[in-house]
2 protein chains.
Amino acid sequence: MANRNLKENKDTEKLILDAAREVFIRKGFDGARMQEIADEAGINKALLHYYFRSKQKLFDTIFLEAFKDFWPSIESSTNNGKGTVKDLIKSAVDAYMDLLLKMPFLPSFVVGEINRSPERIQELLQASGIRPDFVLEVIKRGIEKREVIAIDPRDLIINIVGLSLFPFISRPVLSRMFFASEEEYMEFLASRRNSVYEFVCRSVLVEYQS
Amino acid sequence: MANRNLKENKDTEKLILDAAREVFIRKGFDGARMQEIADEAGINKALLHYYFRSKQKLFDTIFLEAFKDFWPSIESSTNNGKGTVKDLIKSAVDAYMDLLLKMPFLPSFVVGEINRSPERIQELLQASGIRPDFVLEVIKRGIEKREVIAIDPRDLIINIVGLSLFPFISRPVLSRMFFASEEEYMEFLASRRNSVYEFVCRSVLVEYQS
DNA sequence: AATACATTTGACCAAATGGTTAAATCAAAT
DNA sequence: ATTTGATTTAACCATTTGGTCAAATGTATT
């Protein structure tokens, strides 16, 4: 029985999720309208409630998915704790650039919604399975090995992530403040793949110091 | 006639603005309710519309004010283009720290709302009178004087601002990811006044290089 | 063909929300 | 005391919005 049903089922569900992602990311939870999601998916509004019981449930699905997208990239770049910090920096910056050039509005969406209901972060961190310990460990070993200067590992991570994310989070302002067009700004963002990498290396790698 | 009226007038207006700022910053435009603002101000809802004709008008007032708060601090730290880049870095980081320790939710509010309606940035930049040229000029001269390594001035500015703002923008996530309590995170943020300063100096100042 | 089951839809509802209005209140000027 | 003008309020309105439901439409199994 289920063969055709299952296929159609998946199709419709994906249709809804794609539409919901689009609308939620653009407008946020409060700004998003179930009707708009239905229109975007080309289906009836009641069908949304058939697949996902409420706006909140639908949103949660989208949001967890978006949240998960953030960290794994950097996680996988630690080579199970064996790699150098230099490699870690390169992999992390690259991973974020790859991710964000594809999904430029992911950061401001996630940040904005987390700020809207910060009480749910605990469960989110748990549900997403994010574990920053690996990265912290790599940095600690790098410091012991004198590859990296003495620095709070948390500072270093936050700096790397911040330098990567911030130009995307503040894209609308920055592009108009410092650039002639969106295209020019996109070029600039792409060039930061190297400039951020070097900026960080110069600051924390022993081999770059006197 | 106007003496008492004027005073009451100003009082009520300030009451409304304070309440509106509170609610808008916490919930954003879409999430904010006129009723909640009225309650927070301890007045009637219709009075909001008497002072500010619409939700949009009230919001615009709050938002322009918030937007203005962002840049002037760094502007004034350039000493009319005479100072060193080293001083600029210190002043900028300090200025942002001072601002953000007082108003931690300003960045995510501004960033979120700008993202909601990016088409209005042009007029915002104009209305706020923000002019980044001063800062760019100081950096350019710093490069000519061999105080600073060869770097795109826009990269440097964006890095400084990003390193300062990002930990506040992502505060809810970062504090739970890397710290045991909010208090511990606040201490960490305060300590970044120095660590960010040094992080940047090591990376771009010639005197810190080999 | 008939049954059983999941899927889809149009019509509808109750609550919330931004906004309006006419009346009431109040302080100052005459 | 009365008038005048701004300020404040309670009651109300139109619209929007998330959500429901019974009926309709498939689709596979018997």
Side-chain angles (χ1 to χ4, degrees), chain A residues 1-64 109 112-113 116-117 120, chain B residues 1-64 109 112-113 116-117 120:
Chain A
M1 52 160 150
N3 213 341
R4 176 64 179 278
N5 275 350
L6 208 69
K7 187 171 162 41
E8 296 263 330
N9 195 338
K10 284 287 172 197
D11 278 6
T12 307
E13 192 170 320
K14 188 173 187 316
L15 221 57
I16 293 177
L17 284 174
D18 286 345
R21 191 177 313 113
E22 180 82 15
V23 175
F24 275 133
I25 287 187
R26 203 170 54 230
K27 312 241 178 144
F29 179 87
D30 289 322
R33 298 284 160 252
M34 292 297 266
Q35 186 59 58
E36 192 181 350
I37 296 177
D39 292 347
E40 179 100 13
I43 56 163
N44 192 285
K45 191 183 59 158
L47 201 51
L48 290 182
H49 288 88
Y50 177 75
Y51 277 87
F52 304 84
R53 292 210 342 239
S54 66
K55 183 185 184 183
Q56 185 66 52
K57 286 256 200 308
L58 177 55
F59 175 82
D60 288 349
T61 308
I62 294 295
F63 187 69
L64 180 60
F109 169 63
E113 294 302 322
R116 203 178 55 88
S117 43
R120 304 190 12 180
Chain B
M1 53 160 153
N3 213 343
R4 177 63 179 279
N5 274 352
L6 208 69
K7 187 172 162 39
E8 295 264 329
N9 194 338
K10 284 286 170 195
D11 278 5
T12 308
E13 192 169 318
K14 187 173 187 316
L15 221 56
I16 293 177
L17 284 174
D18 286 345
R21 190 178 312 113
E22 180 82 16
V23 175
F24 275 133
I25 286 187
R26 204 170 55 231
K27 311 240 177 148
F29 179 86
D30 289 322
R33 298 284 159 254
M34 292 297 265
Q35 187 58 58
E36 191 181 351
I37 296 176
D39 291 348
E40 179 101 12
I43 57 162
N44 192 283
K45 191 182 59 158
L47 201 51
L48 291 183
H49 288 88
Y50 177 75
Y51 277 86
F52 304 84
R53 291 213 340 240
S54 66
K55 184 184 184 184
Q56 186 66 52
K57 286 256 200 309
L58 177 55
F59 175 82
D60 288 349
T61 308
I62 295 295
F63 187 70
L64 179 60
F109 170 64
E113 293 302 323
R116 203 178 55 88
S117 43
R120 305 189 14 182

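Keep in mind that what you see is a predicted model, and the values were worked out from it rather than measured. Reminder, nothing fancy here: chain letters follow the sequence lines and each chain counts from 1.
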Mind calculating the distance between [atom1] ([X]) and [atom2] ([N]) to the nearest angstrom?
{"X": "Ile16(A)", "N": "dT7(C)", "atom1": "CD1", "atom2": "C1'", "answer": "11 Å"}
{"X": "Leu48(B)", "N": "dA10(D)", "atom1": "CG", "atom2": "P", "answer": "14 Å"}
{"X": "Ile37(B)", "N": "dA16(C)", "atom1": "CD1", "atom2": "P", "answer": "18 Å"}

Please list all pairs meeting side chain to side chain donor-acceptor pair (under 3.5 Å) that have one or both residues in residues 31-40 of chain B, counting only residues at least two apart or in different chains.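 Qualifying pairs, neighbours excluded: Arg26(B)-Glu36(B), Lys27(B)-Glu36(B), Gln35(B)-Asp39(B).
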Partners meeting salt bridge (charged side-chain N to carboxylate O under 4.0 Å, His left out) with Arg53(B) (sequence neighbours left out):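 Partners of Arg53(B) by the salt bridge (charged side-chain N to carboxylate O under 4.0 Å, His left out) criterion come out as none, since no residue qualifies.
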What distance separates Ile37(A) CD1 from Leu15(A) CG, expressed to the nearest 0.5 Å?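 Those atoms lie 12.5 Å apart.
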Hey, what do you get for CZ (Phe24(B)) to OG1 (Thr61(B)), rounding to the nearest 0.5 Å?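 One finds 9.0 Å between CZ of Phe24(B) and OG1 of Thr61(B).
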Are Arg21(A) and Asp18(A) close enough for a salt bridge, meaning some N to O gap below 4.0 Å?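 Salt bridge present between Arg21(A) and Asp18(A).
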Minimum-distance pair of heavy atoms, taken over all atoms of Phe29(A) and Glu113(A):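 Closest approach of Phe29(A) to Glu113(A), heavy atoms only: N-OE2, 3.1 Å.
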Quick one: what's the B/S/- string for nucleotides 11-22 of chain D, heavy-atom cutoff under 4.0 Å, read 5' to 3'? ------SBBBB-
Can you tell me if the side-chain N/O atoms of Tyr50(B) get under 4.0 Å from OP1 or OP2 in dT7(D)?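 Yes, such a contact exists.
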Side chain of Thr12(B) only, heavy atoms from C-beta on: which candidate in dT8(D), dT8(C), dT9(C) is closest?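 The answer is dT8(D), which lies nearest to the side chain.
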